[in-house]
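The structure appears below as structure tokens.
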Amino acid sequence: MSAPDLNINNLFSQKALLLEESPTFVLEKKADELDLLLRKDGDAVIRFGIGQPDFNTPDNIKNAAKKAVDENKTKYTASTGIIELKQAIALKFKNNNNIDYDVKNIFAGNGAKQVLDVIMRAFINSGDIVIIPKPYWVSYAQQVILSGGEPAFVDFTKDLKLNIDNLRYIVKNNPKKIKLLILNSPNNPTGAVYSRKELEDIGEICLKNNIYIISDEVYENFVYGTVKHFSIASFSDELKDITITVNAVSKTYAMTGWRIGYCAADLQVIKQMSKIQDQSASNPCTPAQWAAVEAIGGNQDSVELMRREYEKRRDLVYKRLNKIDGIKCSLPEGAFYVFPEVSGLFNARIKNAFEFAGQLLEQAKVAVVPGGAFGNDNYIRISYATSLEKIEEGMNRIENFCKGL
Ligand SMILES: Cc1ncc(COP(=O)(O)O)c(C=O)c1O
């Protein structure tokens with residue numbers, strides 16, 4: 001008798017095996033290890049890696065959660081969220097985004113990431129195509145794969161936005177069923193913000209070709225200068241019908257750990273998503289939902305304070321990066337990221353952004369994310385959700401590192 005096959009990998013699903021680790025989390029782990037070593041000497045890694053606000057959650061929001069706990073609002077709720085939260089979200093869509101939704105059209109989940117995962121599962125059959133413009137937030141493609149779908153990537157132009165001719169080409173020439181297109185403006189990792197006209201052009205292609213739109217607007221409040229954020233669903237009833245607008249309290253209110261995200265969509269979509277939520281995650285954390293009611297419906301002063309602070313940081317990072325020989329960087333109009341091209345600095349030792357980021361961490365003690373994680377390894381992503389002092393210090397280190405290449 002032959003010995004039983006004890007290779008546990010034979011037991012795992014192909015989907016799980018195909019999934020990639022989140023590069024930002026891998027990098028943070030590496031930076032943590034290095035930090036632990038360095039701190040003994042009073043030095044530390046400058047973190048430009050993770051996309052997380054360095055601000056604390058505002059007090060009014062924390063107090064709302066404390067009150068909810070004291071009032072024993074700690075039990076299960078409807079899997080798609082409490083009515084008070086849905087009312088606050090519907091009102092926010094009306095007032096801030098000019099989109100009219102009933103509370104029945106609202107779905108609240110465990111962060112935008114989990115809401116996006118439920119959307120993918122509601123739409124995708126094995127082999128279905130989801131269009132993802134490059135460079136993209138890392139989880140989109142992985143979530144599509146986890147649902148059995150296939151991502152089709154669209155190239156980007158010099159200004160780091162979707163190449164509309166390439167989109168037209170992909171839509172025309174892909175023999176498989178194209179179900180969804182994911183839009184993300186303001187964008188992670190580039191900070192690019194799409195104009196009304198750019199969104200209208202994309203919307204027209206989707207309408208003509210029966211492609212549903214996921215519009216991820218989690219950075220909507222962080223736009224700079226005279227730039228405006230537009231919600232594609234607000235342009236017409238036709239576009240509203242084919243768009244799922246996704247958002248979260250995570251970035252806007254510095255609430256990444258509270259895990260409240262949401263979306264608004266056609267009733268048919270919400271119905272399918274609700275079944276999935278009922279049978280999987282169930283409701284998002286109840287006190288966190290009450291905190292989100294206060295965040296979305298309460299005083300908004302903290303958002304503007306954070307926005308102004310991010311704008312100062314953006315200006316500093318942009319100015320410093322453009323002074324470095326070999327780095328090219330366009331001005332990001334939103335979010336809290338810059339996506340500079342570093343291929344001008346590649347040499348025999350550093351052949352791509354992955355090696356660039358690795359050496360930068362080891363030698364200069366600065367953590368950035370290599371662009372390969374977002375679909376292009378000539379770039380790096382710098383998150384400037386950190387203090388001006390840390391940005392100055394980090395930029396000094398990057399500048400010195402680059403001079404030595
Ligand atoms: C573009 C984008 N969408 C969604 C998310 C996920 O947000 P949440 O923390 O609410 O799950 C992120 C987080 O980094 C993001 O950058």
Side-chain angles (χ1 to χ4, degrees), residues 13-15 18-20 80 99 101 105 107 109 112-156 162-185 187 194 198-218 231-233 235-247 261-277 279-280 375:
S13 72
Q14 281 305 313
K15 284 178 190 164
L18 275 175
L19 219 59
E20 288 172 12
T80 59
I99 324 173
Y101 282 116
N105 298 93
F107 174 106
K113 193 185 251 182
Q114 197 257 337
V115 172
L116 286 160
D117 185 49
V118 177
I119 298 170
M120 307 289 182
R121 294 209 241 171
F123 276 83
I124 298 173
N125 284 321
S126 175
D128 284 346
I129 302 290
V130 177
I131 297 184
I132 303 177
K134 278 185 178 183
Y136 47 80
W137 176 53
V138 285
S139 294
Y140 297 144
Q142 299 303 314
Q143 288 186 343
V144 169
I145 291 168
L146 196 55
S147 285
E150 291 174 24
F153 299 109
V154 187
D155 292 336
F156 57 94
L162 170 148
N163 180 329
I164 196 94
D165 292 330
N166 192 227
L167 174 64
R168 283 201 187 94
Y169 178 85
I170 287 171
V171 169
K172 206 167 154 207
N173 293 289
N174 207 308
K176 292 191 180 166
K177 175 83 188 148
I178 300 176
K179 286 251 173 99
L180 297 162
L181 175 141
I182 305 179
L183 271 178
N184 175 216
S185 173
N187 184 271
Y194 284 75
E198 287 163 339
L199 291 173
E200 280 171 349
D201 289 348
I202 297 168
E204 196 184 313
I205 294 173
C206 292
L207 276 173
K208 269 196 197 139
N209 294 281
N210 227 350
I211 299 170
Y212 231 84
I213 299 168
I214 300 174
S215 182
D216 179 344
E217 304 181 8
V218 297
S231 294
I232 192 165
F235 295 165
S236 66
D237 285 344
E238 290 77 23
L239 278 169
K240 184 183 160 197
D241 284 348
I242 62 158
T243 300
I244 307 168
T245 308
V246 176
N247 214 318
Y262 55 90
C263 73
D266 183 85
L267 268 187
Q268 304 290 339
V269 176
I270 299 295
K271 192 172 153 197
Q272 299 308 321
M273 289 179 66
S274 304
K275 285 191 290 178
I276 296 169
Q277 194 74 336
Q279 305 295 0
S280 53

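In this chain, residues are counted from 1 in sequence order. Only a predicted model underlies this, so the values are computations on that prediction, with no experimental measurement involved. Below, all heavy atoms of this structure are taken into account, side chains as well, without hydrogens, waters or symmetry copies.
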### Task
Apply side chain to side chain contact (heavy atoms under 4.5 Å, CB included) to the pair Val115 and Asn247, showing each step before the final yes or no.
CA-CA 9 Å; Val115 172; Asn247 214 318; over 6 Å; no
### Task
Give a yes or no on whether the backbone of Asn184 and the side-chain of Asn187 come within a donor-acceptor separation of less than 3.5 Å.
yes
### Message
Is any side-chain heavy atom of Glu150 closer than 4.5 Å to one of Val130?
### Response
no
### Message
Using the side chain to side chain contact (heavy atoms under 4.5 Å, CB included) definition, which of the options Val144, Ile244, Asp216 pairs with Leu116?
### Response
Asp216
### CD1-CG distance between Ile131 and Asn166, expressed to the nearest 0.5 angstrom
9.5 Å
### CG (Asn210) with more than 12 external heavy atoms under 6.0 Å
no
### Task
Kindly indicate whether the side chain of Phe156, heavy atoms from C-beta on, has any atom under 4.5 Å from the side chain of Pro135.
yes
### Query
So, Glu217 and Thr245: side-chain donor and acceptor under 3.5 Å apart, yes or no?
no
### Query
Does Phe123 have its ring centroid less than 6.0 Å away from the ring centroid of Tyr212?
yes
### Summary
The reported gap from CD1 in Ile276 to CD in Gln272 (rounded to nearest 0.5 angstrom) is 7.0 Å
## Note on the structure
Minimal heavy-atom distance between Ser185 and Tyr194, with the atoms involved, is OG-N, 2.9 Å
### Query
Do Lys113's NZ or CZ and the ring of Tyr140 fall within the cation-pi criteria of under 6.0 Å and 45°?
no
#### Entry: Spatial distance of atom OG (Ser280) from atom NZ (Lys275) [nearest 0.5 Å]
12.5 Å
### Task
To the nearest 0.5 angstrom, please state how far the CG atom of Asp165 sits from the CD1 atom of Ile170.
11.5 Å
### Message
Ignoring hydrogens, what is the shortest heavy-atom contact between Gly203 and Leu239? Give both atom names and the distance.
### Response
CA-CD2, 3.6 Å
## Note on the structure
For Thr80 and Ser274, the nearest pair of non-hydrogen atoms, with its separation, is CG2-OG, 3.5 Å
### Task
Determine, step by step, whether Asp128 and Lys179 satisfy the salt bridge (Lys or Arg N to Asp or Glu O under 4.0 Å) criterion, reporting the C-alpha distance in whole Å, the side-chain angles of both residues, the deciding distance to 0.1 Å, and the verdict.
CA-CA 7 Å; Asp128 284 346; Lys179 286 251 173 99; 2.4 Å; yes
### Message
Checking Leu181 against Ile214 for the side chain to side chain contact (heavy atoms under 4.5 Å, CB included) test, could you report, in this order, the C-alpha distance in whole Å, the side-chain angles of both residues, the deciding distance, and whether it holds?
### Response
CA-CA 6 Å; Leu181 175 141; Ile214 300 174; over 6 Å; no
### Task
Of all the heavy-atom pairs spanning Asn174 and Ala152, show the shortest one and how long it is.
ND2-CB, 4.3 Å
### Lys15 side chain near Ser147 side chain, heavy-atom distance below 4.5 Å
no
### Chi angles and distances behind the side chain to side chain contact (heavy atoms under 4.5 Å, CB included) call for Ile202, Leu183
CA-CA 9 Å; Ile202 297 168; Leu183 271 178; 3.8 Å; yes
### Query
Between Leu167 and Ile205, which heavy-atom pair has the shortest distance, and what is it?
CD2-CD1, 3.8 Å
### Task
Under the salt bridge (Lys or Arg N to Asp or Glu O under 4.0 Å) rule, what do Arg121 and Asp117 come out as? Steps first, then yes or no, please.
CA-CA 6 Å; Arg121 294 209 241 171; Asp117 185 49; 3.2 Å; yes
### Query
Do the side chain of Asp266 and the main chain of Gln268 share a donor and acceptor less than 3.5 angstrom apart?
yes
### Intermediate values then yes/no, side chain to side chain contact (heavy atoms under 4.5 Å, CB included), Ile129 and Lys177
CA-CA 6 Å; Ile129 302 290; Lys177 175 83 188 148; over 6 Å; no
### Message
I'd like to know if Lys240 pairs up with Asp237 as an ion pair, taking the criterion as any Lys NZ or Arg NE/NH1/NH2 lying under 4.0 Å from an Asp or Glu carboxylate oxygen.
### Response
no
### Message
Would you compute the distance between atom CD1 of Ile232 and atom OG of Ser215 and round it to the nearest 0.5 angstrom?
### Response
6.5 Å
### Task
With rounding to the nearest 0.5 Å, note down the distance linking CG in Leu199 to CD in Glu204.
13.0 Å
### Message
Restricting to non-hydrogen atoms, name the atom on Val118 and the atom on Gln277 that form the minimum distance, rounded to 0.1 Å.
### Response
CG2-OE1, 3.5 Å
